[in-house]
**Student:** 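Below is a structure I'd like to ask you about.
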2 protein chains.
Amino acid sequence: MKIKIFDVKQITKYVIKNSLKRIFLYRACLVRLKLMGVKKVFSYTLANETGVTADQVRKDFSEFGIKGNKRGGYEVEELLEKMENIFHRNKDHNLVLIGMGNMGLALSKYSRFVQRNMNIVATFDIDPFKQKIRSDIPVYSMGRLKEIIDRFRVKVAILAVPEISAQEVADELIRFGIKGIVNFAPVLLKVPADVVVNNVNLCDELESVIYYVHKMMKVDGLKNIEILYRDMKY
Amino acid sequence: MKIKIFDVKQITKYVIKNSLKRIFLYRACLVRLKLMGVKKVFSYTLANETGVTADQVRKDFSEFGIKGNKRGGYEVEELLEKMENIFHRNKDHNLVLIGMGNMGLALSKYSRFVQRNMNIVATFDIDPFKQKIRSDIPVYSMGRLKEIIDRFRVKVAILAVPEISAQEVADELIRFGIKGIVNFAPVLLKVPADVVVNNVNLCDELESVIYYVHKMMKVDGLKNIEILYRDMKY
DNA sequence: TTTTATATGTGAATCTTCTCACATAAATGC
DNA sequence: GCATTTATGTGAGAAGATTCACATATAAAA
């Protein structure tokens, strides 16, 4: 039986594909190479610089419809341009940031967003006076959320509010038309199926490193293990 | 030909396994359920709460050697204890944080680390006086790095320095015995094979959301598309 | 105590991602 | 201009992750 979709709120299993993450790597690498004056790269150039295999680089490009020149590699400039298009980086993206605690304040001052055409047009807090002095971006009370979202046609929000109010704020954001959320609160948000949520959990990031470090040290540090020589990449 | 491994510096393809990420989800969920007074859960309880399938939950548990009671589900308390062991959360973990810019300052104030037995014992900056007033944790100059790492037996570091000095600082950390790095600088660090690096790239996190939002809106918002009804989870 | 109902744990099947391998195209050399 | 070299692009095969399915085991019911 087929029926129309509701705007059912649910936890959507939303995972950023590894291939997309790798494309970001390649791009970061290309930006650096471009600054160094490099005009042309090969799949193995990017592979060496990013720690993946050359095959993988080409397969990833293939997935995203990026083509190079047979035998000639890829023009750095051209490659970057194609990526700009894929990631809609040619146009500006307006963002709102909710929650001006420590993390919110730091994010509002993070200059790299602007460098990549992502502008936090306004920040919000239940107590807008709290960080007003220290912030470079206007801090509004939550009451003005709808107005700003409409005015700047904002589609993506950064959520840096305390765990306890995260769901509530997310609901509000979605009601006002937000379609994507980068969520720094350690909660799984329940959202309609057409809203994208990307959770950034700082504790988890740390804990997984601790986990792998322990695991690695148990394998005896590799110090005395004879293994096949691997090509030196540095 | 087999030869002993060098401490070759290279970019290691280090990706946190999805199964590990999911285990973190389950745990967060269990902590919440425990607070609510829940004593026992079933695989489908966790599944519903985390947006994965019940099969997946059981397979993940199986991978990490977690066993429940046939027909009886899992004791919340017992499950959490097993996870504590797996993640070495029963003992304290001392960390150092390098770079007291905006992000570093925010991280140094992030109370959740302490709640999970992760203590930032000291922070470092080339200009230790910069944030001294605002910080709750001692801010040292880089010169005292070795001393502190040794004294507190630190194995994991948080790197929040500017891109330009990230590699240099990482080299130093590793020379002083650091085995795991959570790197907030948008650079791929080149490290020996026995060092774990987890990159947290805030721009990438945002950009991938923007990418998926665009993609989703292109599929026309799902608004008028007839699709199979999905179980409401909320 | 015996029966029944139900949730686990895990092989087998499927689906996805990655690696391999090679045909192909195009620069370079002769 | 022809031969040769070399990097691309992509099917095919391998590896890995997820889902399915069912044989347990056991808690609850009778």
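Throughout, a chain's letter reflects where its sequence line sits, starting with A, and its residues are numbered from 1.
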**Student:** Roughly, in whole Å, what's the span from CG in B/Asn48 to P in C/dA7?
**Tutor:**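 After rounding, the reported distance stands at 13 Å.
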
**Student:** Think A/Ser43 has a side-chain N or O under 4.0 angstrom from the OP1 or OP2 of D/dA7?
**Tutor:**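 Indeed not, no polar side-chain atom of A/Ser43 lies that close.
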
**Student:** Using the side chain to side chain donor-acceptor pair (under 3.5 Å) criterion, which residues pair with A/Ser108? Sequence neighbours excluded.
**Tutor:**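 For A/Ser108, no residue satisfies side chain to side chain donor-acceptor pair (under 3.5 Å) once neighbours in sequence are set aside.
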
**Student:** Tell me: CG of A/Asn18 to C1' of C/dC18, nearest whole Å?
**Tutor:**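 It is 11 Å, rounded to the nearest whole Å.
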
**Student:** Hey, is the side chain of B/Thr53 poking within less than 4.0 Å of OP1 or OP2 on D/dT19, counting only N and O atoms?
**Tutor:**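 Answer yes for this pair, as a side-chain N or O of B/Thr53 is under 4.0 Å from OP1 or OP2.
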
**Student:** Holding to side chain to side chain contact (heavy atoms under 4.5 Å, CB included), I want the full list of residues that pass it with A/Asp204, two or more places apart in sequence or in another chain.
**Tutor:**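 Side chain to side chain contact (heavy atoms under 4.5 Å, CB included) check on A/Asp204 returns A/Asn201, B/Phe24, B/Arg27, B/Arg116.
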
**Student:** With the side chain of A/Lys17 defined as its heavy atoms from C-beta on, choose the nearest nucleotide among D/dG9, C/dT17, D/dT18.
**Tutor:**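 Nearest nucleotide to the side chain: C/dT17.
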
**Student:** Do A/Glu81 and A/Asn85 have side-chain atoms, one donor and one acceptor, less than 3.5 Å apart?
**Tutor:**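 Side-chain D/A pair, A/Glu81 to A/Asn85: absent.
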
**Student:** Round to the nearest Å and state the distance from B/Leu20 atom CG to D/dT18 atom C1'.
**Tutor:**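 Interatomic distance, CG of B/Leu20 to C1' of D/dT18: 17 Å.
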
**Student:** Are any non-hydrogen side-chain atoms of A/Met118 and B/Glu207 less than 4.5 angstrom apart?
**Tutor:**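 In short, these two side chains touch, coming nearer than 4.5 Å.
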
**Student:** Return the orientation label for the B/Tyr110 and B/Phe113 ring planes: parallel under 30°, perpendicular over 60°, tilted otherwise.
**Tutor:**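 Taking B/Phe113 first and then B/Tyr110, their aromatic rings stand perpendicular (interplane angle over 60°).
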
**Student:** Test of understanding: with salt bridge (Lys or Arg N to Asp or Glu O under 4.0 Å), list the residues that count as partners of B/Glu205, not counting sequence neighbours.
**Tutor:**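 For B/Glu205, no residue satisfies salt bridge (Lys or Arg N to Asp or Glu O under 4.0 Å) once neighbours in sequence are set aside.
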
**Student:** Take A/Asp55 and B/Tyr74, find for each the nucleotide of DNA chain C with the closest heavy atom, and name the residue whose nucleotide sits nearer the 5' end.
**Tutor:**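 Nearest nucleotide further toward 5': that of B/Tyr74.
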
**Student:** Considering residues at least two apart in sequence or located in another chain, which fulfil the ring-ring contact (aromatic ring centres under 6.0 Å, His included) criterion with B/Phe64?
**Tutor:**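 Partners of B/Phe64 by the ring-ring contact (aromatic ring centres under 6.0 Å, His included) criterion come out as none, since no residue qualifies.
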
**Student:** Among all residues two or more places apart in sequence or in another chain, which pass the salt bridge (Lys or Arg N to Asp or Glu O under 4.0 Å) test with B/Lys82?
**Tutor:**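 Only B/Glu78 meet the salt bridge (Lys or Arg N to Asp or Glu O under 4.0 Å) criterion with B/Lys82.
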
**Student:** Please encode protein proximity along nucleotides 25-30 of chain C as a string of B, S and -, counting only heavy-atom distances under 4.0 Å.
**Tutor:** SBB---

**Student:** Could you check how far CG of B/Leu79 sits from C1' of C/dA7, rounded to whole Å?
**Tutor:**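 After rounding, the gap between these two atoms is 14 Å.
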
**Student:** Tell me whether the side-chain N/O atoms of B/Gln56 come closer than 4.0 Å to OP1 or OP2 in D/dT19.
**Tutor:**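 So the side-chain polar atoms of B/Gln56 do come within 4.0 Å of the phosphate oxygens OP1 or OP2 of D/dT19, strictly under.
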
**Student:** A/Glu63: which residues meet the side chain to side chain donor-acceptor pair (under 3.5 Å) condition with it, sequence neighbours left out?
**Tutor:**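 Only A/Lys17, A/Ser19 meet the side chain to side chain donor-acceptor pair (under 3.5 Å) criterion with A/Glu63.
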
**Student:** Looking at residues at least two apart in the chain, or sitting in another chain, which of them share a ring-ring contact (aromatic ring centres under 6.0 Å, His included) with A/Tyr74?
**Tutor:**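 Scan of A/Tyr74 (ring-ring contact (aromatic ring centres under 6.0 Å, His included), adjacent residues dropped) gives A/Phe61.
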
**Student:** Where along residues 58-68 of chain A does a heavy atom fall under 4.0 Å from DNA chain D?
**Tutor:**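 Going residue by residue through residues 58-68 of chain A, the ones with a heavy atom under 4.0 Å of DNA chain D turn out to be A/Arg58, A/Lys59, A/Ser62, A/Lys67, A/Gly68.
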
**Student:** From CD1 of A/Ile16 over to C1' of C/dT16, roughly how many Å is that when rounded to an integer?
**Tutor:**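 About 18 Å, once rounded to whole Å.
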
**Student:** Just to be sure I understand the rule, does A/Ser19 reach a base, reach only the sugar-phosphate, or reach nothing, if contact means heavy atoms closer than 4.0 Å?
**Tutor:**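 Here A/Ser19 touches no strand at all.
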
**Student:** Restricting to salt bridge (Lys or Arg N to Asp or Glu O under 4.0 Å), what partner residues turn up for B/Asp92, sequence neighbours left out?
**Tutor:**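 For B/Asp92, no residue satisfies salt bridge (Lys or Arg N to Asp or Glu O under 4.0 Å) once neighbours in sequence are set aside.
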
**Student:** Would you kindly give the NZ-to-C1' distance between A/Lys82 and D/dT8, to the nearest whole Å?
**Tutor:**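 Between C1' of D/dT8 and NZ of A/Lys82: 12 Å.
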
**Student:** Which pairs count as salt bridge (Lys or Arg N to Asp or Glu O under 4.0 Å) when at least one residue sits in residues 32-48 of chain A, sequence neighbours excluded?
**Tutor:**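 Pairs touching residues 32-48 of chain A that pass the test: A/Arg32-A/Glu49, A/Lys34-A/Glu77.
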
**Student:** Please tabulate the protein-to-nucleotide N/O contacts below 3.5 Å involving nucleotides 13-15 of chain D, giving atom names and distances.
**Tutor:**
none

